Amino acid sequence: DSLKDMEENNDTSTQEYSELLKEYMDFKQGSKEFNEENEEILSSEREELDKDGKKELKKLFRKASKLCHPDLVSDDLREKATEIMKKLNDAYSKRDLNTIRDILSSLESGHGFKVSSDTMKDKGLLKSKITEVKEMLKQRNVELKEIKKDEVVNIMSQYKDIQVYFNELKKQLEEEYENLKNSL
């Protein structure tokens, strides 16, 4: 009876392992296809910049971000700021220096809008905005602590290159598969 139980357990373990291995291989293939497709899209849209161009891109992006970030504008302009910020982020990811220059120029010339701190004269209103931002920061810190507790995040954060993690996982699964196969 115990031999029969062991055989059934080995079949189950082998079957579970096979399912895990198939799931892993499917995930790996999907991940590979996604990364290739994503890189292809990004590289086709991304402009080539030299070192100085990259520096300028970063500098102008930061400057424009400070002028239109949704958290820095008054509530009535938040929707417009979000729209501009999306365009700015898209241009940055494509390394589109000209578009970033245009957005910054528009913001600086007054066609954009002023940040809350530039328009708020009332101390009470400023204190209220500061309290609101502090509360948002507190919430983000709580969320960050929760994320850091996640086992998967801890495991993944140990690897600079995610492919290293998957290679190690593959090796472990292959070793386990061999061990199970040999035990039959």
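All residue numbers refer to positions in the sequence shown, counting from 1. Note that this is a predicted model, so its numbers are computed, not measured.
- When hydrophobic clusters are built by joining Ile, Leu, Val, Met, Phe, Trp and Tyr residues whose side-chain heavy atoms come closer than 4.5 Å, directly or via intermediates, Val164 is grouped together with Tyr24.
- Within 6.0 Å of the CD atom in Gln163, the count of heavy atoms belonging to other residues, nucleotides or ligands exceeds 12.
- Between the CG atom in Leu169 and the CD atom in Glu174 there is a gap of 10.0 Å [rounded to 0.5 Å].
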Check against side-chain contact (heavy atoms from CB on, under 4.5 Å), Lys171 and Glu175
CA-CA 6 Å; Lys171 184 179 175 184; Glu175 287 173 1; 3.3 Å; yes

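- Heavy atoms only, all atoms of each residue included: Leu107 and Ala64 are closest at CD1-O, 3.7 Å.
- Distance check, rounded to the nearest 0.5 Å: OG of Ser65 to CG of Asp71 gives 11.5 Å.
- Partner of Asp26 under the side-chain contact (heavy atoms from CB on, under 4.5 Å) criterion, out of Gln29, Lys22, Glu23: Lys22 alone.
- Taking each heavy atom of Asn89 and Phe61 in turn, the nearest pair found is OD1-CZ, 3.2 Å.
- The two atoms that bring Ala81 and Cys68 nearest to each other are CB-O, 3.2 Å, heavy atoms only.
- Using a 4.0 Å cut-off between charged nitrogen and carboxylate oxygen, Glu146 and Lys149 count as a salt-bridge pair.
- Both Leu49 and Leu88 are members of a single hydrophobic cluster when ILVMFWY side chains are connected at heavy-atom separations under 4.5 Å.
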What verdict does the side-chain contact (heavy atoms from CB on, under 4.5 Å) test give for Glu108 and Leu67, after you've listed the backbone C-alpha separation in whole Å, the side-chain angles of each residue and the deciding distance to 0.1 Å?
CA-CA 8 Å; Glu108 288 178 330; Leu67 295 174; 3.9 Å; yes

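- With values rounded to the nearest 0.5 angstrom, Asp52 atom CG is found 12.5 Å from Leu57 atom CG.
- Side-chain contact between Asn98 and Arg101 is present, with at least one heavy-atom pair separated by less than 4.5 Å.
- Applying the 6.0 Å contact sphere to CD of Glu143 captures more than 12 heavy atoms from other residues, nucleotides or ligands.
- Ile147 and Met136 sit in two unconnected hydrophobic clusters of ILVMFWY residues. Membership requires side-chain heavy atoms under 4.5 Å apart, directly or through other members.
- The structure places CG of Leu97 at 4.5 Å from CD of Glu56, a figure rounded to the nearest 0.5 Å.
- Rounding to the nearest 0.5 Å places CG of Leu173 at 10.0 Å from CE of Met25.
- Between Pro70 and Arg78, the closest heavy-atom pair is O-NE, 3.0 Å.
- The distance from the CG atom of Asn182 to the OH atom of Tyr177 is 10.0 Å, given to the nearest 0.5 Å.
- Checked for salt-bridge contact, Glu178 and Lys181 meet the test: a charged N lies under 4.0 Å from a carboxylate O.
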